[in-house]
Amino acid sequence: MSDPVSGPVPGPAALGMYDRAELRSETDTLWAAIRDALRADGVDAPERLTCTDPEALWEAPDLVLAQTCGLPYALRLSGQVVLVGTPAYRIEGCGPGEYRSALVVRADDPAEDLSEMAGRAVAVNAVHSQSGHSALRHAVAPLAKDGRFLGAALLTRSHAASIVAVADGRADLAAIDAVTWALAERHDPVTARLRVLAWTEPTPGLPLIAGPDADAAATRRAVAAGIAAVPDAVRDALMLDGLKGFGPADYAPLAVRFRKAEAASSLVFEAV
């Protein structure tokens, strides 16, 4: 007896940038709504999300959907992938689709202004992170003297690890994505040991992308429909409001800003 003929396997999808363990059910519910909307529009979509490092999927040629950071998109992905849109999160002080970074210090740190952090150790989640690295470098660039302002930089590999590094005293400052920070305040007791010293300027948030041959319009419709279709409690848990139609030109300034900030002040990285 011959094996049944199966159709092509759909490409991967991942929504891992804010996918905390406490929010796995809500993230899966959101994906199910997007998946069903994609299929209804004729786009093959996987049953479940791929739970892996999302960066490993960003350049997959058959990528159905993933969320990336704005800086990698501006530096290398723009023109190589389809930009679907930017989720709009509920962030005070930002317009729809924008985000910013919380510059956090220990609650008992005497500093009252960023200018008082000269020579202090900083925790950075990733070199090409807009929220955890570039936004911070841009903020301190006007304060730099002879190309330096901050002290040693610990490369932590995640915002969560940067938060812990500051709380434990291994670093004095970290720039944390505003959505990550708000979710951490809800779920991580360690944030009670920190406070926000300052906020960086708003920029376009983390964009959704698809493979280069994806149907951009259909994918955009499906994401918007999926966000609208899930229960209010799911949107509240994910801090999600809708989808903003930012384009490549909205992200291009992030690459320019990053290069200027690198030139203005240097950091010496040490792996945690």
Side-chain angles (χ1 to χ4, degrees), residues 9-35 38 43 45-89 97 99 101 124-135 155-163 175-184 187 203-214 216 219-220 222-223 226-227 237-240 243-244 246 248 251 254-255 258:
V9 176
L15 296 174
M17 300 299 278
Y18 299 127
D19 185 21
R20 297 179 58 100
E22 300 92 341
L23 301 175
R24 187 62 46 77
S25 176
E26 289 83 357
T27 302
D28 287 343
T29 297
L30 174 63
W31 170 245
I34 295 172
R35 176 201 66 207
L38 282 167
V43 179
E47 186 70 16
R48 296 178 180 83
L49 293 167
T50 298
C51 294
T52 185
D53 177 3
E55 186 170 356
L57 302 177
W58 290 345
E59 295 180 84
D62 59 347
L63 178 66
V64 175
L65 188 71
Q67 193 170 25
T68 183
C69 176
L71 186 59
Y73 175 79
L75 288 173
R76 63 183 175 88
L77 296 175
S78 181
Q80 308 300 315
V81 300
V82 166
L83 177 59
V84 175
T86 304
Y89 295 95
Y99 79 152
S101 298
V124 174
N125 64 318
V127 173
H128 287 154
S129 169
Q130 167 58 31
S131 58
H133 182 210
S134 185
L155 190 59
T156 65
R157 311 296 180 185
S158 74
H159 279 304
S162 292
I163 288 172
I176 309 297
D177 172 333
V179 179
T180 299
W181 177 248
L183 293 173
H187 300 287
T203 64
L206 278 61
L208 293 168
I209 59 172
D213 298 325
T219 306
R220 192 173 298 117
V223 173
I227 294 172
L238 298 175
M239 299 178 55
L240 193 56
L243 187 69
K244 176 72 173 180
F246 285 133
Y251 286 94
L254 298 183
F258 176 67

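Please read these numbers as outputs of a predicted model, since none were measured by experiment.
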request  = Apply the test side chain to side chain donor-acceptor pair (under 3.5 Å) to residues Thr27 and Asp19: give CA-CA distance (whole Å), side-chain angles for both, the deciding distance (0.1 Å), then the verdict.
outcome  = CA-CA 7 Å; Thr27 302; Asp19 185 21; 3.3 Å; yes
key: Between CH2 on residue Trp58 and OG1 on residue Thr68, distance to nearest 0.5 Å   = 3.5 Å
task = Could you check if a side-chain atom of Pro207 sits within less than 4.5 angstrom of a side-chain atom of Val84, using non-hydrogen atoms only?
result = no
query = Given side chains that start at C-beta, do those of Leu206 and Asp177 come closer than 4.5 Å, heavy atoms only?
reply = yes
task = Grab the two heavy atoms, one from Tyr251 and one from Gly205, that are nearest each other, plus how far apart they are.
result = OH-O, 2.7 Å
inquiry  = Measuring only between side-chain heavy atoms, which start at C-beta, is Tyr73 closer than 4.5 Å to Leu254?
reply    = no
task = Find the distance between CZ (Arg48) and CZ (Arg35) and round it off to the nearest 0.5 Å.
result = 8.5 Å
message = Quick one: does any side-chain atom of Trp181 pair with a main-chain N or O of Ala175 as donor and acceptor, under 3.5 Å?
response = no
ask   = Which residues pass the salt bridge (Lys or Arg N to Asp or Glu O under 4.0 Å) test with Arg20, sequence neighbours left out?
value = Glu22, Asp188
request  = Ignoring hydrogens and angles, tell me if any N or O in the side chain of Ser129 forms a donor-acceptor pair with the backbone of Asn125 under 3.5 Å.
outcome  = no
Min side-chain heavy-atom separation Val82-Ile209 under 4.5 Å = no
task = Go through the side-chain N and O atoms of Ser131 and His159 and say whether any donor and acceptor fall under 3.5 Å apart.
result = yes
ask   = What closest approach, in Å, do His187 and Leu23 show between heavy atoms, and which atom pair accounts for it?
value = NE2-CD2, 4.2 Å
ask   = Going by heavy atoms in the side chains, are Asp62 and Asp213 under 4.5 Å from each other?
value = no
remark   = Closest non-hydrogen contact found for Ala237 with Leu183 is O-CD2, 3.7 Å
task = Would you indicate whether the side-chain heavy atoms of His128 and Phe258 approach each other to under 4.5 Å?
result = yes
inquiry  = For the OG1 atom of Thr219 and the CG atom of Leu83, what is their distance to the nearest 0.5 Å?
reply    = 11.5 Å
key: Val124 side chain reached by Thr156 side chain, heavy atoms, under 4.5 Å   = no
request  = Identify whether the distance between the nearest side-chain nitrogen and carboxylate oxygen of Glu55 and Arg157 falls below 4.0 Å.
outcome  = no
request  = State whether a side-chain donor-acceptor pair under 3.5 Å links Thr86 with Tyr99.
outcome  = no
task = State which residues pass side-chain hydrogen bond (donor to acceptor under 3.5 Å, both in side chains) with Ser101; sequence neighbours excluded, sorted by chain then number.
result = none
key: Atom pair CG (Leu57) and CG (Leu49), whose distance is rounded to the nearest 0.5 Å   = 10.5 Å
ask   = How many angstroms lie between OG1 in Thr50 and CG in Leu65, if you round to the nearest 0.5 Å?
value = 11.0 Å
ask   = Can you name the residues that form a salt bridge (Lys or Arg N to Asp or Glu O under 4.0 Å) with Asp28, not counting sequence neighbours?
value = none
query = Looking at Pro212 and Pro61, what are the two nearest heavy atoms and their distance?
reply = CD-O, 3.6 Å
ask   = Mind checking whether Gln67 and Pro54 have side chains closer than 4.5 Å, heavy atoms only?
value = no
key: For the student: nearest non-hydrogen atoms of Ile176 and Ser162, plus distance   = CD1-CB, 4.0 Å
note = When every non-hydrogen atom of Pro12 is compared with those of Pro46, the smallest separation belongs to C-CG, 4.3 Å
query = What's the spacing between Gln130 CD and Leu75 CG if we round to 0.5 Å?
reply = 9.5 Å
